[in-house]
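To start, the structure itself, in structure tokens.
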Amino acid sequence: MANKFVLYNTLSRSKEVFEPIFSPNVGLYVCGPTVYGDPHLGHARPAITFDLLFRYLTNLGYKVRYVRNITDVGHLENDADEGEDKIAQKARLEKLEPMEVVQYYTNRYHKMMDALNVLPPSIEPHASGHIIEQIDFVKTILEKGLAYESEGSVYFDVEKYNQSHHYGKLSGRVLDDLLNSTRKLDGQDEKRNPFDFALWKKASPSHIMRWNSPWSVGFPGWHLECSAMGTKYLGERFDIHGGGMDLQFPHHECELAQNVAALGHESVKYWMHNNMITINGQKMGKSLGNFINLSQMFDGSHPLLVQPYSPMTIRFFILQAHYRSTLDFSNDALIAAEKGLDRLFEAHRNLAKIVPSAQSSIDVEGFSQKCYDALADDLNSPIMIAHLFDMVRQINSAIDGSATITAVGLTELKRLMNLFLNDILGLKPEATGRSKNADAFAGAVNLLLEIRQEAKLKKDWATSDLIRDKLKALGFDVKDTKEGYDWKLSI
RNA sequence: GGUACCUUGGCCGAGUGGUCAGGCAGCGGUCUGCAAAACCGCGUACGGCAGUUCGAAUCUGCCAGGUACCUCCA
């Protein structure tokens, strides 16, 4: 742990040195998906951002417990069916059991995350599996006098809380402003103040997902699950809480207040928020209807896409921007990322072709240091990737013979490239599927290229170019090398 | 309306008060039978206007444009 890891804390609005509360253990909580729809490009951002963090911290030697929840109850829909649980509504729509919908989209989420090489968290708790813990949480807040019951629902008393604490400290909100800008919602008259939020909500007759509680048959409030599950699995104090910037308010603000109300102190030391992915400069979101599903990205089926993009291209695209910047989607940017990543992988593979020298012109140690420095500076993956590309040039030069590296240096470089590329950035070459089919296929292409070699020896350029051009038309990139030839499938 | 943030070369995207981001695309060269790939070289970019400063794209103010949150949202 030579490098001081510095990360941006939303709470202080500044970069802080990371010091775990109980080193070497690190508690990390990230808001996971609401499983009522197919995962889209927006879901990939936090997943990959915090996957990078998880991998990096683990690599630094920390023992990380990573909790990422599945939200499968509670969140209210805000359209015609106001007040109905999202999951319940979807279930009625598709004539499925709510938990069937939950299971289906959870499976989909896992499948997409797996494709993106996002490591599974240590614990993935479901909100629906922690109703008892959430009810207990509500009870505690009621006992502390910071919540009140009204018509079978329980609301957090924001104004009272604000008398002794600062509601709005995370998001920079001022209570008076909220009073004027809070929108009128259903059930508003049950509340003392419009900005009070539900801890427990009484279920309407049409509401399918419902549980018994001391107050009513209903369901837990929208922000409660993270308070309850974070506390359960990471303790009353833990290190990092992450999520998308759009969750900062009200979700995380409320969560923070709930924890202070129930526990008497804040739970989270560092709050991290990733920025949004935009499309034509506008946030990509479910409610805006401009999102692209991950499966559509992978197969190119969305009308905005001119071609499919592999999971690794998506991952690389996201890592090429800093997590706190917005990232604008475009085909040009994706294609550029795809080509760049290709070059990176190619150099990584070509490491095997380097012949070591007695001297070294490549500064392996400096390279390592620069990469670690970039990560240590608030997870600056774009800078790290820039250093990786600098190394690509040197690797290619070494193959050309215009740069040199010692055997020891080469071994270390191979280790570092594996570490940075595969283990930390989580970029792995797309599976080529070594099968009998593929072997036969490769054999046939090689045979053609052998014939081309013979034609070349006879200076029969017509035949040699014919083979190359026809293969090219079929999607094979053929290139001549000192030893003979090389090829790859470019589609 | 309130609050916060953003505006970098053809595109994407880092960063800093005073030599370099990086990728993609483009141009020139080396190599090649020709290509491809690779390597070498090339772009004097930082929204506008003022101010602070020896010096600002980087700090301050104003203006313009954009975005986010304030409502479920990654």
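Computed from a predicted model, the values in this text were never measured in an experiment. Letters A, B, ... mirror the listed sequences (proteins, then strands); counts begin at 1.
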Taking all heavy atoms of E225(A) and all of Y29(A), pick out the closest pair and write down the distance. O-OH, 4.3 Å
Closest non-hydrogen contact found for R324(A) with R45(A) is N-NH2, 4.5 Å
Classify the side chain of [X] and the base of [N] as holding, or not holding, a donor-acceptor pair under 3.5 Å.
{"X": "R468(A)", "N": "rA35(B)", "answer": "yes"}
{"X": "S464(A)", "N": "rG33(B)", "answer": "yes"}
{"X": "D480(A)", "N": "rC34(B)", "answer": "yes"}
{"X": "R324(A)", "N": "rC6(B)", "answer": "no"}
{"X": "D328(A)", "N": "rG13(B)", "answer": "no"}

Once you apply a heavy-atom cut-off of 4.0 Å, does [X] come out as touching a base, just sugar-phosphate, or nothing?
{"X": "G244(A)", "value": "sugar-phosphate"}
{"X": "M276(A)", "value": "base"}
{"X": "V174(A)", "value": "nothing"}
{"X": "L41(A)", "value": "nothing"}
{"X": "N396(A)", "value": "sugar-phosphate"}
{"X": "Q248(A)", "value": "nothing"}
{"X": "R349(A)", "value": "nothing"}
{"X": "H273(A)", "value": "nothing"}
{"X": "D390(A)", "value": "sugar-phosphate"}

Can you check whether [X] has a side-chain N or O nearer than 4.0 Å to OP1 or OP2 of [N]?
{"X": "R393(A)", "N": "rG41(B)", "value": "no"}
{"X": "R343(A)", "N": "rG22(B)", "value": "no"}
{"X": "T34(A)", "N": "rC72(B)", "value": "no"}
{"X": "N380(A)", "N": "rG15(B)", "value": "yes"}
{"X": "S171(A)", "N": "rC70(B)", "value": "no"}

Taking the six-membered ring for Trp and the full ring for Phe, Tyr or His, determine whether the centres of Y161(A) and F156(A) are under 6.0 Å apart.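 Close enough - the centres of the two rings lie under 6.0 Å apart.
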With a 3.5 Å limit on both atom pairs, tell me what [N] is paired to, counting Watson-Crick and G-U wobble, or say none.
{"N": "rA45(B)", "result": "none"}
{"N": "rG17(B)", "result": "none"}
{"N": "rA68(B)", "result": "rU3(B)"}
{"N": "rG28(B)", "result": "rC40(B)"}
{"N": "rG51(B)", "result": "rC59(B)"}

Distance (rounded to the nearest 0.5 Å) between [X] [atom1] and [Y] [atom2]:
{"X": "K370(A)", "Y": "I383(A)", "atom1": "NZ", "atom2": "CD1", "answer": "11.0 Å"}
{"X": "I279(A)", "Y": "L327(A)", "atom1": "CD1", "atom2": "CG", "answer": "11.0 Å"}
{"X": "F298(A)", "Y": "I314(A)", "atom1": "CZ", "atom2": "CD1", "answer": "6.0 Å"}

Note: D480(A)-R452(A) ion pair, threshold 4.0 Å (strictly below):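 The answer is yes: the pair qualifies as a salt bridge.
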Could R343(A) and E346(A) be called an ion pair, given the rule that one side-chain N must be under 4.0 Å from one carboxylate O? no
Return the nearest nucleotide to the side chain of [X]; candidates are [options].
{"X": "K283(A)", "options": "rA74(B), rC12(B), rG23(B)", "value": "rA74(B)"}
{"X": "N274(A)", "options": "rA74(B), rC70(B), rC34(B)", "value": "rA74(B)"}
{"X": "R173(A)", "options": "rA14(B), rC70(B), rG13(B)", "value": "rC70(B)"}
{"X": "D465(A)", "options": "rC34(B), rG22(B), rA74(B)", "value": "rC34(B)"}
{"X": "D400(A)", "options": "rC39(B), rA74(B), rU67(B)", "value": "rC39(B)"}

Considering only atom P, compute the distance from rU8(B) to rG15(B) and round it to an integer number of Å. 14 Å
Span that lies between the P atom of rA4(B) and that of rU19(B), in whole angstrom: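 Approximately 34 Å lies between the P atom of rU19(B) and that of rA4(B).
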Looking at rG23(B) and F389(A): do their rings stack (centroid distance under 5.5 Å, interplanar angle under 30°)? no
Between K339(A) and A386(A), name the one whose nearest nucleotide on RNA chain B is closer to the 5' end.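 Its nearest nucleotide lies further toward 5', so the answer is A386(A).
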Want to settle it: does R13(A) or D332(A) sit nearer the 5' end of RNA chain B, counting the closest nucleotide to each?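 The answer here is R13(A).
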